[in-house]
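Side-chain atoms are counted along with the backbone in the values below, which use heavy atoms only and exclude waters and symmetry mates. One is the number of the first residue; the rest follow in order along the sequence.
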Amino acid sequence: MASEGSRVIQDIIRCTDFAARKHKGQRRKDSESTPYINHPIGVAFILTEEAGISDVAVIQAALLHDTVEDTHTTIEEIGREFGDEVKGLVSEVTDDKSLPKLERKQQQILHAPHASHKAKLVKLADKLYNLRDLKRGAPVGWSESRVHEYFEWSAKVIDGLRGTNKHMEDALDGLLKEKNVV
């Protein structure tokens, strides 16, 4: 019989494999066209390595956080594969793609303070990854003004997530300060 630790590792690897298959062929919009899967893996890495999070459902939600938004994955499929807790967390951090982009962005700002603690952890790590990525290099076609607007919008979302994880919030504050957004 597998130990608890072995089962946890299996659950994380199965989830990583699922996300990799779902995001197969997708690329980030940076100048290197980075494989998209690097993003959810990076979000999970921030949670485990920087924020000290070991909750399996949170790590799985980080790995899956963009699958419903950006692939043909359904929230029901997430539930069947990974259970109700992960399904709920992924649902909390998934934008409604039927809404116009500006409305989706506004909904993130409004929803952030009311998200569960675990969903807030995923959101903070996602914002930290994305802002670091923007600092490294803007997506192809983005002006400095658009990058600054993204930082300003992110600051509003982050404000609604405060009190969740000091380490990630401090790292985010450092990035925002560098862009004169604080």
Shortest non-hydrogen contact from [X] toward [Y]:
X: Arg27; Y: Ser33; result: CD-O, 2.9 Å
X: Asn165; Y: Met168; result: OD1-N, 2.9 Å
X: Val181; Y: Ala155; result: CG1-CB, 3.7 Å
X: Ala61; Y: Leu89; result: CB-CB, 3.7 Å
X: Leu63; Y: Ala19; result: O-CB, 3.3 Å

[X]: what forms a salt bridge (charged side-chain N to carboxylate O under 4.0 Å, His left out) with it, not counting sequence neighbours?
X: Arg21; value: Asp17
X: Asp133; value: Arg28, Arg136
X: Glu92; value: none

Decide yes or no on side chain to side chain donor-acceptor pair (under 3.5 Å) for Glu144 and His148, but give the supporting numbers first. CA-CA 6 Å; Glu144 185 55 40; His148 192 76; 5.5 Å; no
Report yes or no: do [X] and [Y] belong to one cluster of Ile/Leu/Val/Met/Phe/Trp/Tyr joined by side chain heavy-atom distances under 4.5 Å?
X: Val86; Y: Ile53; answer: no
X: Tyr36; Y: Trp142; answer: no
X: Ile109; Y: Tyr150; answer: yes
X: Leu161; Y: Leu134; answer: yes
X: Val122; Y: Leu175; answer: yes

Just distance, no hydrogens or angles: give the donor-acceptor pairs under 3.5 Å from side chains in residues 38-52, sequence neighbours left out.
{"residue": "His39", "atom": "NE2", "partner": "His65", "partner atom": "NE2", "Å": "3.0"}
{"residue": "His39", "atom": "NE2", "partner": "Asp126", "partner atom": "OD1", "Å": "2.8"}
{"residue": "Thr48", "atom": "OG1", "partner": "Ala44", "partner atom": "O", "Å": "3.3"}
{"residue": "Thr48", "atom": "OG1", "partner": "Phe45", "partner atom": "O", "Å": "3.2"}
{"residue": "Glu50", "atom": "OE1", "partner": "Arg132", "partner atom": "NH1", "Å": "3.3"}
{"residue": "Glu50", "atom": "OE1", "partner": "Arg132", "partner atom": "NH2", "Å": "2.8"}
{"residue": "Glu50", "atom": "OE2", "partner": "Arg132", "partner atom": "NH1", "Å": "2.8"}

Assess whether side chain to side chain contact (heavy atoms under 4.5 Å, CB included) is satisfied between Asp66 and Thr71, documenting all intermediate values. CA-CA 8 Å; Asp66 281 336; Thr71 75; over 6 Å; no
Which residue pairs pass the ring pair (Phe, Tyr, Trp, His ring centres under 6.0 Å) test with at least one member in residues 80-106, sequence neighbours excluded? Phe18-Phe82
What pairs of residues pass the ring pair (Phe, Tyr, Trp, His ring centres under 6.0 Å) test when at least one of them lies in residues 154-179, not counting sequence neighbours? none
Backbone N/O of Lys177 and side chain of Asp173: donor-acceptor pair under 3.5 Å: no
Yes or no on salt bridge (charged side-chain N to carboxylate O under 4.0 Å, His left out) for Arg7 and Glu4, after CA distance, side-chain angles and deciding distance? CA-CA 5 Å; Arg7 189 188 59 74; Glu4 178 68 20; 2.7 Å; yes
Would you mind checking if Lys22 and Glu81 are paired as a salt bridge, meaning a charged N to carboxylate O distance below 4.0 Å? no
side-chain contact (heavy atoms from CB on, under 4.5 Å) partners for [X], two or more places apart:
X: Lys24; result: none
X: Pro113; result: none
X: Thr164; result: His117, Lys120, Leu121, Leu124, Glu169

Members besides Leu99 in its Ile/Leu/Val/Met/Phe/Trp/Tyr cluster (side-chain heavy atoms under 4.5 Å): none
Going through the checks in order, is the side chain to side chain donor-acceptor pair (under 3.5 Å) test met by Gln108 and Lys123? CA-CA 10 Å; Gln108 279 197 42; Lys123 244 347 190 186; 3.0 Å; yes
Criterion side chain to side chain contact (heavy atoms under 4.5 Å, CB included) on Gln107 and Leu110, from CA distance to verdict: CA-CA 5 Å; Gln107 286 300 313; Leu110 296 173; 4.0 Å; yes
How about Lys127 and Trp153: do any of their side-chain heavy atoms sit closer than 4.5 Å?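 Lys127 vs Trp153: side chains touch.
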Any side-chain heavy atom of Val140 sitting closer than 4.5 Å to one from Asp30? no
Applying side chain to side chain donor-acceptor pair (under 3.5 Å), run through Ser3 and Ser6 and close with a yes or a no. CA-CA 5 Å; Ser3 71; Ser6 295; 3.1 Å; yes
Given side chain to side chain contact (heavy atoms under 4.5 Å, CB included), test Leu176 with Leu131 step by step and report yes or no. CA-CA 9 Å; Leu176 294 171; Leu131 293 182; 4.1 Å; yes
Do Gln26 and His23 pass the side chain to side chain donor-acceptor pair (under 3.5 Å) test, and can you show the C-alpha distance, the side-chain angles, and the key distance before you say yes or no? CA-CA 5 Å; Gln26 291 181 325; His23 290 292; 2.5 Å; yes
Nearest 0.5 Å, what's the CG-OG1 distance between Leu64 and Thr94? 9.5 Å
As an exercise, state the distance from CZ of Arg80 to NZ of Lys87, rounded to the nearest 0.5 Å. 9.0 Å
Strictly by salt bridge (charged side-chain N to carboxylate O under 4.0 Å, His left out), give each pair with a member in residues 94-113 just once, sequence neighbours left out.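 Counting only pairs at least two positions apart or across chains, the salt bridge (charged side-chain N to carboxylate O under 4.0 Å, His left out) contacts touching residues 94-113 are Asp70-Lys97.
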Pairs involving residues 52-61, ordered by first then second residue, that meet side chain to side chain donor-acceptor pair (under 3.5 Å) (sequence neighbours left out):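 Side chain to side chain donor-acceptor pair (under 3.5 Å) check on residues 52-61 returns Asp55-Lys118.
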Pair Val68, Ile78 - check side chain to side chain contact (heavy atoms under 4.5 Å, CB included), show working. CA-CA 8 Å; Val68 174; Ile78 298 292; 4.0 Å; yes
